[in-house]
Amino acid sequence: SPGGQLGGAPPCGSNQLKSHLSITLAKPTSHVSLTRPRFFLYAFGSELVNRQRTNLDGEWEFWPDPAQSLSQEALRRIRVPGPWQAQFDDLRDFSGVAWYRHTFDVAAASETSDRSAAYILHFGAVDYFATVWLNGEQVGEHEGGYLPFELDVTSALQLRGSNELVVRVIDPGNDAD
């Protein structure tokens, strides 16, 4: 069953995932962003949080993986947010495993990035099971389509240089019941 694979490592192991898959995968059906809280101290000692957001929406790499082999033969570009069923006629009825990959640079979005802040990865929704890796490190899982979720990615994030975000999505389709 697809749900049984959720707790484990990717089929080829995270080291192989990092070296062989330079792709970000998942089925985000809503917005994806990276948020960095910024703290300001005011006259009476009160603290306000100003969040700095890096929008990760846009073009991602994507491939369906019906054989769960991590083969990138079917690699294509997909627009996030949006389900694959609405973007590819040949996948309109596809359910199962698919991957998304996206690379981004934090420094380009924030020259004031520092390690004292927490970095939170926000998904507006992923339908249905999602496992997320950042720079080859599994940073979390989520179950539940159409629900937003957040993951603390502070320890896996590279403040300088490129970051690789990979999302495995398992869409059980109508077999979820």
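Position 1 is the first residue of the sequence, and the numbers go up from there.
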Check your understanding: Roughly how far, to the nearest 0.5 Å, is CZ of Phe123 from CG of Leu56?
Key -> 8.0 Å

Point to revise | Step-by-step side chain to side chain contact (heavy atoms under 4.5 Å, CB included) determination, Thr131 to Gln138 | key: CA-CA 7 Å; Thr131 305; Gln138 185 176 335; 3.6 Å; yes

Exercise for review: Mark yes or no for whether Gln87, through its side chain, and Gly82, through its backbone, hold a donor-acceptor pair below 3.5 Å.
Suggested key: yes

Exercise for review: Count the heavy atoms belonging to other residues, nucleotides or ligands that lie under 6.0 Å from CD of Glu59, then report whether that count exceeds 12.
Suggested key: yes

Practice item. Could you check whether the rings of His142 and Phe149 sit parallel, tilted or perpendicular, using 30° and 60° as the cut-offs? Key: parallel

Review point. Can you tell me if CG on Asp90 sees more than 12 non-hydrogen neighbours from other groups inside 6.0 Å?
Key: yes

Check your understanding: Side chains of Leu91 and Pro64: closer than 4.5 Å at any heavy-atom pair?
Key -> yes

Review point. Can you tell me how far OG of Ser95 sits from CH2 of Trp84, rounded to the nearest 0.5 angstrom?
Key: 8.0 Å

Exercise for review: Let me see the working for Tyr128 and Val169 under side chain to side chain contact (heavy atoms under 4.5 Å, CB included), right down to the final yes or no.
Suggested key: CA-CA 7 Å; Tyr128 186 79; Val169 176; over 6 Å; no

Exercise for review: Please tell me if the side chains of Pro83 and Asp127 come closer than 4.5 Å, counting only heavy atoms from C-beta onward.
Suggested key: no

Exercise for review: Heavy atoms only: give me the nearest Ala86-Arg92 pair and the separation to one decimal.
Suggested key: CA-NH1, 4.1 Å

Check your understanding: Mind checking whether Phe88 and Phe62 have ring centres under 6.0 Å apart?
Key -> yes

Check your understanding: If you group Ile, Leu, Val, Met, Phe, Trp and Tyr by side-chain heavy-atom gaps below 4.5 Å, do Ile120 and Leu147 land in one group?
Key -> no

Review point. Does Ser162 reach the side chain of Asp105, with side-chain heavy atoms less than 4.5 Å apart?
Key: no

**Study point:** Distance (rounded to the nearest 0.5 Å) between Ile170 CD1 and Gln68 CD
**Key:** 6.5 Å

Check your understanding: Are Asp171 and Gln85 linked by a side-chain donor-acceptor pair shorter than 3.5 Å?
Key -> yes

Point to revise | Spacing of NE2 belonging to His122 relative to OG1 belonging to Thr54, to within rounding of 0.5 Å | key: 13.5 Å

Check your understanding: Is there side-chain contact between Val139 and Trp133, with at least one heavy-atom pair below 4.5 Å?
Key -> no

Exercise for review: For the residue pair Leu121 and Leu134, establish whether any side-chain heavy-atom pair is separated by less than 4.5 Å.
Suggested key: no

Study note, to complete from the structure: side-chain hydrogen bond (donor to acceptor under 3.5 Å, both in side chains) filter on Asp152, not counting sequence neighbours, yields Thr154

Revision key, fill the gap. The reported gap from OG1 in Thr103 to CD in Glu164 (rounded to nearest 0.5 angstrom) is 7.5 Å

Check your understanding: Side chains of Arg168 and Val97: does their closest heavy-atom pair fall under 4.5 Å?
Key -> yes

Check your understanding: Quick one: do Glu61 and Arg77 make a salt bridge, cutoff under 4.0 Å?
Key -> yes

Point to revise | Asn163 (side chain) donor-acceptor with Gln158 (main chain) under 3.5 angstrom | key: yes

